Engineer: 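After the structure tokens below, expect a handful of questions from me.
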Amino acid sequence: MTVAIIDIETTGLDPLKDRIVAIGLGIIRENKLDIQLLTSKDEKELLTKFWGKVSEEGIEQLIGFNIDKFDWQFIKLRSLYYRIRMKYFKKYEGRKDLMQILNGGGYIRGRSLKAYCEFFNIDIQNDDVDGCEIPQLWERFEKEYDKEALDKILHHLQLDIKRTYELYKILVDCGLIEE
């Protein structure tokens, strides 16, 4: 079974008003992470690329931090908006939400991906931007074609994929997730 770590970057928190600007996939192959970062000024093109990768790579399971309440909702609703054919990743089988596993349910203030990485001594550099900066960076990229702004978005996305993967490995090693 092909498993992928997933994370997205968006222009806001509401999939009915905001859009996806980048999707990161960390495909797990023989205990190694193959990170693929997808972005496009055209959201429909971005989602079409994403679903093409899912099919091409034979991805059967998505792993994420807050995937059920955020990433999956965005991907699902934005894909539906463009009438893009997608694969359904059923909760608990096709999607594993590390935040729900660690928090015993939903969101708990202060228990972010970075906070868990600090708690578990996962040393993934912390020199990236904060997720709340993504909308302004995307606006700079779109309006001024500021390549540095896009690079910052993709750097943040790549680090979050690595952080999620390291957290996932701990949960597998300790028996909370079966591979």
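It should be emphasised that the depicted structure is a prediction, and the values quoted were computed from it without experimental measurement.
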Engineer: When you group the ILVMFWY residues by side-chain heavy-atom contacts below 4.5 Å and let the links chain together, are Phe89 and Leu98 in the same group?
Structural biologist: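 Different clusters: Leu98 never reaches Phe89 through Ile, Leu, Val, Met, Phe, Trp or Tyr contacts under 4.5 Å.
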
Engineer: So for atom CZ, which belongs to Phe119, do other residues, nucleotides or ligands contribute more than 12 heavy atoms lying within a distance under 6.0 Å?
Structural biologist: no

Engineer: Calculate, to the nearest 0.5 Å, the distance between atoms CD1 and CZ belonging to Ile63 and Arg95 respectively.
Structural biologist: 11.0 Å

Engineer: If we ignore hydrogens and angles and just use 3.5 Å, is the side chain of Asp97 paired with the main-chain N or O of Phe65 as donor and acceptor?
Structural biologist: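 No; judged by distance alone, with no hydrogens or angles, the pair does not exist.
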
Engineer: Measuring from atom CG of Leu171 to atom CD1 of Ile101, what distance do you get when rounded to the nearest 0.5 angstrom?
Structural biologist: 6.0 Å

Engineer: Side chains of Ile153 and Thr39: does their closest heavy-atom pair fall under 4.5 Å?
Structural biologist: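 No; the side chains remain at least 4.5 Å from each other.
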
Engineer: Quick one: closest heavy-atom pair of Leu37 and Gln158, and the distance?
Structural biologist: CD1-CB, 4.1 Å

Engineer: Could you walk me through whether Leu25 and Ile59 pass the side-chain contact (heavy atoms from CB on, under 4.5 Å) test, one step at a time?
Structural biologist: CA-CA 10 Å; Leu25 281 173; Ile59 297 170; 4.2 Å; yes

Engineer: Check Gly131 against Pro135 and note the closest heavy-atom contact, atom names and distance.
Structural biologist: O-CD, 4.0 Å

Engineer: Sequence neighbours left out, what pairs pass side-chain hydrogen bond (donor to acceptor under 3.5 Å, both in side chains) with at least one residue falling in residues 4-15?
Structural biologist: none

Engineer: With sequence neighbours left out, what residues match Glu118 under salt bridge (charged side-chain N to carboxylate O under 4.0 Å, His left out)?
Structural biologist: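 Checked Glu118 against salt bridge (charged side-chain N to carboxylate O under 4.0 Å, His left out); zero matches.
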
Engineer: Are more than 12 heavy atoms from other residues, nucleotides or ligands located less than 6.0 Å from atom CG of Asp130?
Structural biologist: yes

Engineer: With sequence neighbours left out, what residues match Asp173 under side-chain contact (heavy atoms from CB on, under 4.5 Å)?
Structural biologist: none

Engineer: Could you tell me if the side chain of Glu45 sits less than 4.5 Å from the side chain of Lys49, heavy atoms only?
Structural biologist: yes

Engineer: For the residue pair Ile23 and Leu47, establish whether any side-chain heavy-atom pair is separated by less than 4.5 Å.
Structural biologist: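 SC-SC contact between Ile23 and Leu47 confirmed.
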
Engineer: Any pair with a residue in residues 74-88 that passes side-chain hydrogen bond (donor to acceptor under 3.5 Å, both in side chains), sequence neighbours left out, goes on the list, sorted by first then second residue, please.
Structural biologist: Glu43-Arg78, Glu43-Tyr82, Trp51-Ser79, Glu60-Lys87, Gln73-Lys76

Engineer: Check whether any side-chain heavy atom of Ile134 lies under 4.5 Å from a side-chain heavy atom of His156, and answer yes or no.
Structural biologist: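 Yes - at least one pair of side-chain heavy atoms lies under 4.5 Å apart.
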
Engineer: Quick one: do Ile170 and Ile122 satisfy side-chain contact (heavy atoms from CB on, under 4.5 Å)? Show the steps, please.
Structural biologist: CA-CA 10 Å; Ile170 290 170; Ile122 296 170; 3.8 Å; yes

Engineer: Short question: side chain of Lys96, backbone of Ile67 - any donor-acceptor pair under 3.5 Å?
Structural biologist: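 No.
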
Engineer: Quick one: ring pair (Phe, Tyr, Trp, His ring centres under 6.0 Å) partners of Phe70, sequence neighbours excluded?
Structural biologist: Phe74

Engineer: I'd like to know if Leu154 and Leu113 are part of one continuous hydrophobic network [Ile/Leu/Val/Met/Phe/Trp/Tyr, side-chain heavy atoms within less than 4.5 Å].
Structural biologist: yes

Engineer: Rounded to the nearest 0.5 Å, what separation is found between the CG atom of Asn66 and the OG1 atom of Thr164?
Structural biologist: 10.5 Å

Engineer: Is it true that Leu167 and Trp72 fall in one hydrophobic cluster, defined by side-chain heavy atoms closer than 4.5 Å?
Structural biologist: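 No, Leu167 and Trp72 fall in different hydrophobic clusters.
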
Engineer: Do the side chains of Leu157 and Leu150 join up, straight or via other hydrophobic residues, at under 4.5 Å, putting them in one cluster?
Structural biologist: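 In one cluster: yes.
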
Engineer: Do you know which two heavy atoms are closest between Arg111 and Asn103, and how far apart they sit?
Structural biologist: CD-OD1, 3.5 Å

Engineer: Give a yes or no on whether a salt bridge exists between Glu57 and Arg29, defined as a side-chain N under 4.0 angstrom from a carboxylate O.
Structural biologist: yes

Engineer: Evaluate salt bridge (charged side-chain N to carboxylate O under 4.0 Å, His left out) for Glu166 paired with Lys162, printing each intermediate quantity in order.
Structural biologist: CA-CA 6 Å; Glu166 293 301 319; Lys162 289 178 179 180; over 6 Å; no

Engineer: First locate atom CD1 of Ile6, then atom CD1 of Ile75, and finally report the distance between them rounded to the nearest 0.5 Å.
Structural biologist: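 Answer for the CD1-CD1 pair, Ile6 versus Ile75, is 3.5 Å.
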
Engineer: Measure across Asn31 and Tyr165 and return the closest heavy-atom pair with its distance rounded to 0.1 Å.
Structural biologist: O-OH, 3.1 Å

Engineer: Could you go through Ile28 and Tyr168, starting from their C-alpha distance and side-chain angles, then the distance that decides it, and tell me whether this counts as side-chain contact (heavy atoms from CB on, under 4.5 Å)?
Structural biologist: CA-CA 11 Å; Ile28 302 170; Tyr168 168 74; 3.6 Å; yes

Engineer: More than 12 foreign heavy atoms under 6.0 Å from NZ of Lys44: is that the case here?
Structural biologist: no

Engineer: Under the rule for side-chain hydrogen bond (donor to acceptor under 3.5 Å, both in side chains), what residues qualify as partners of Lys143, not counting sequence neighbours?
Structural biologist: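 Result, side-chain hydrogen bond (donor to acceptor under 3.5 Å, both in side chains) vs Lys143: Glu139.
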
Engineer: If you take all heavy atoms of Arg19 and Trp138, which pair is closest and at what distance?
Structural biologist: NH1-CZ2, 3.8 Å

Engineer: Hey, could you give me the CD1/CG distance between Ile35 and Leu159, rounded to the nearest 0.5 Å?
Structural biologist: 8.5 Å

Engineer: CZ of Phe141 to NZ of Lys147: how many Å apart, nearest 0.5 Å?
Structural biologist: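 So the CZ of Phe141 and the NZ of Lys147 are separated by 8.0 Å.
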
Engineer: Test your reading of the model: is there a side-chain donor-acceptor pair from Arg163 to the backbone of Tyr116, 3.5 Å cut-off?
Structural biologist: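 No, because the side chain of Arg163 does not come within donor-acceptor range (under 3.5 Å) of the backbone of Tyr116.
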
Engineer: Report yes or no: do Ile8 and Met99 belong to one cluster of Ile/Leu/Val/Met/Phe/Trp/Tyr joined by side chain heavy-atom distances under 4.5 Å?
Structural biologist: no

